[in-house]
Amino acid sequence: MSVVKVDPRHPDPAVMADAGARLRRGELVAFPTETVYGLGADALSADAVARIYAAKGRPAWNPVIAHVPHVAAARALSRDWPATAECLAQAFWPGPLTLVVPKAGHVPDVATAGLDAVALRVPDHPVALALLEAAGIPVAAPSANRFTQVSPTTAEHVVRSLGDRVPLVLDGGPCAVGIESTVVDCTGPDVVILRPGMLGRDSLATALAPLGVTVRRAVRTIAHDRDAGARSTDDTPRSPGMADRHYAPQGDVWLFAAAQRQEIASAVTAWLAGRSGPETPRVHALLMGAELPLAPRDRTAMTTVTMPDAPDRYARALYAALHEADARHAALVVIETPPDTSAWDGVRDRLTRAAR
Ligand code: AMP
Ligand code: MG
């Protein structure tokens with residue numbers, strides 16, 4: 001595997017041309033976007049997309065997002081480009097927003113997990129855009145990590161998770177947004193948020209107001225069933241993969257509210273007492289407020305990260321903090337949940353799923 005540094009201000013045309021040619025040949029290329037690093041492959045080749053699933057260990061029911069360099073390329077992948085999609089694309093692309101639209105016939109079923117809709121995005125990152133232009137094909141790109149693990153926000157995270165499963169990693173530095181895109185379903189009369197992200201409901205609603213279209217969160221009516229696949233009586237097509245443990249570090253994850261500081265400290269103390277062996281297990285804490293009130297002996301088992309108190313900065317720092325927990329082999333990760341306001345929806349979604 002090779003890691004090639006690319007200056008985001010001046011992506012080297014020769015490097016981009018080589019990476020684009022690899023994608024056209026059906027190879028995998030990992031590359032930076034503003035959200036997280038993506039594991040890219042030719043979205044129109046069933047074989048190439050199958051390579052993504054194999055490298056990630058991703059189950060076939062979980063569809064991938066196709067990345068394109070501009071709105072025109074997105075329209076070409078849709079059988080029937082909705083007015084809501086046009087409106088949102090004009091307002092937010094390039095940017096951390098994925099639009100689910102009716103799929104064109106030439107998009108292979110493997111890319112959409114058999115659904116009749118395809119997820120599309122124009123990423124806001126100069127290296128990603130240069131790569132998409134050089135490749136000249138839509139590029140399917142889920143996060144460049146093994147399935148269920150924490151998404152990568154640096155090239156080093158990609159290498160740690162995928163190793164030789166990916167032949168080329170373009171290193172464009174750390175990702176600015178830090179969590180995955182907001183995914184919205186544009187196939188129905190309302191716009192439905194399938195996966196929250198840093199682009200929130202209020203911004204979407206403002207952009208859609210001239211169309212008189214409302215925005216709502218997806219309702220899950222039937223729990224995901226691993227054997228039968230994702231089913232729902234309501235939001236169809238909903239986001240498969242929405243319910244699963246995901247974005248998860250290796251250790252157990254406990255979430256707690258600021259008011260539960262004392263209880264969580266007692267629980268950590270009890271957990272440590274129940275695990276006395278030759279080696280004290282490591283505990284990793286992502287806190288927003290004061291330290292946990294632990295006895296000095298227990299405190300030595302703990303690494304504390306103080307997280308930013310603004311949603312955008314918190315999102316940018318989140319996955320690096322979870323990767324650090326893994327790097328320290330933390331067996332337990334305790335996380336203070338951020339405020340219960342809509343600005344934190346994307347972050348709270350990732351924390352909840354890490355803890356599942
Ligand atoms: P990622 O893991 O970041 O590549 O995002 C993929 C997620 O986008 C999936 O787990 C789904 O939740 C959503 N998604 C992708 N394609 C579709 C689709 N055709 N219909 C509904 N949701 C989709
Ligand atoms: Mg992912």
Side-chain angles (χ1 to χ4, degrees), residues 28 30-41 43 49 52-53 55-68 74 77-80 82 85 96-104 107-121 123 128 138-153 157-158 161-162 175 177-188 191-199 217-218 220 224 229-232 234-249 315 318-319 322-323 346 349-350 353-354:
L28 301 180
F31 63 96
T33 80
E34 81 279 32
T35 59
V36 301
Y37 272 70
L39 179 62
V49 173
I52 293 179
Y53 283 86
K56 281 180 64 78
R58 182 171 170 119
W61 48 256
N62 199 350
V64 293
I65 297 168
H67 293 69
V68 288
L77 297 175
S78 177
R79 182 176 70 239
D80 174 22
L97 176 66
T98 295
L99 304 176
V100 173
V101 298
K103 159 180 124 55
V107 177
D109 284 340
V110 61
T112 64
L115 294 170
D116 193 33
V118 62
L120 304 172
R121 183 166 99 86
V139 175
S143 53
N145 55 282
R146 295 282 289 166
F147 183 63
T148 78
Q149 290 181 0
V150 180
S151 301
T153 52
H157 296 160
V158 178
S161 184
L162 291 177
C175 302
V177 174
I179 65 171
E180 297 79 358
S181 58
T182 305
V183 179
V184 300
D185 183 358
C186 293
T187 61
V191 165
V192 183
I193 300 176
L194 300 177
R195 176 175 73 185
M198 293 313 288
L199 186 66
R217 282 289 300 270
R220 288 178 35 74
H224 186 267
R231 290 169 303 159
S232 162
D234 201 357
D235 297 314
T236 310
R238 10 79 256 90
S239 239
M242 201 163 66
D244 294 271
R245 180 171 162 89
H246 212 138
Y247 320 114
L318 173 60
Y319 289 155
L322 296 180
H323 278 288
D349 170 76
R350 302 313 186 276
R353 291 168 62 179

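Here the structure is a predicted model, which means the values were calculated and not measured. As the structure lists them, so they are numbered: ligands from 1, and atoms in each ligand from 1. By convention here, the first residue in the shown sequence is residue 1.
- Between Val110 and Tyr53, the closest side-chain pair of non-hydrogen atoms falls below 4.5 Å.
- Ring orientation note: the planes of Trp61 and Phe147 are nearly perpendicular, at an angle over 60° on the 30°/60° scale.
- Legend: residues meeting side-chain hydrogen bond (donor to acceptor under 3.5 Å, both in side chains) with Ser161, ordered by chain and number and at least two apart, are Gln149.
- Electrostatic pairing of Arg121 and Glu34 counts as a salt bridge here, judged by a charged N lying under 4.0 Å from a carboxylate O.
- Residues satisfying the side-chain hydrogen bond (donor to acceptor under 3.5 Å, both in side chains) criterion with Thr98, sequence neighbours excluded, are Ser181.
- Close contacts of ligand 1 with Asn62, meaning ligand atoms under 4.0 Å from a residue heavy atom, involve 9 (C), 10 (O).
- Applying the salt bridge (charged side-chain N to carboxylate O under 4.0 Å, His left out) rule to Lys103 yields the partners Asp109; only residues at least two apart in sequence or on another chain are considered.
- At a threshold of 4.5 Å between non-hydrogen side-chain atoms, the residues Leu28 and Ile52 count as touching.
- Within the 4.0 Å heavy-atom criterion, neither part of His67 lies near ligand 1.
- For a distance threshold of 2.8 Å, the protein N, O or S atoms nearer than that to the Mg ion (ligand 2), listed by chain and number, are Ser143 OG.
- Within the listing of ligand 1, atoms 1 (P), 2 (O), 3 (O), 5 (O) sit less than 4.0 angstrom from a heavy atom of Arg195.
- Annotation: side chain of His157 is not in contact with side chain of Val150 (no heavy-atom distance under 4.5 Å).
- Val192 is not listed as a side-chain neighbour of Arg217, based on a closest heavy-atom distance of 4.5 Å or more.
- Around atom 6 (C) of ligand 1, the closest heavy atom drawn from Arg58, Arg121, Lys103 belongs to Arg58.
- For ligand 1, the atoms lying closer than 4.0 Å to a non-hydrogen atom of Leu115 are 18 (C), 19 (N), 20 (N).
- Ligand 1 places these atoms under 4.0 Å from at least one heavy atom of Pro142: 4 (O).
- Of the N or O atoms in Ile65, none lie within a sub-3.5 Å distance of an N or O in ligand 1.
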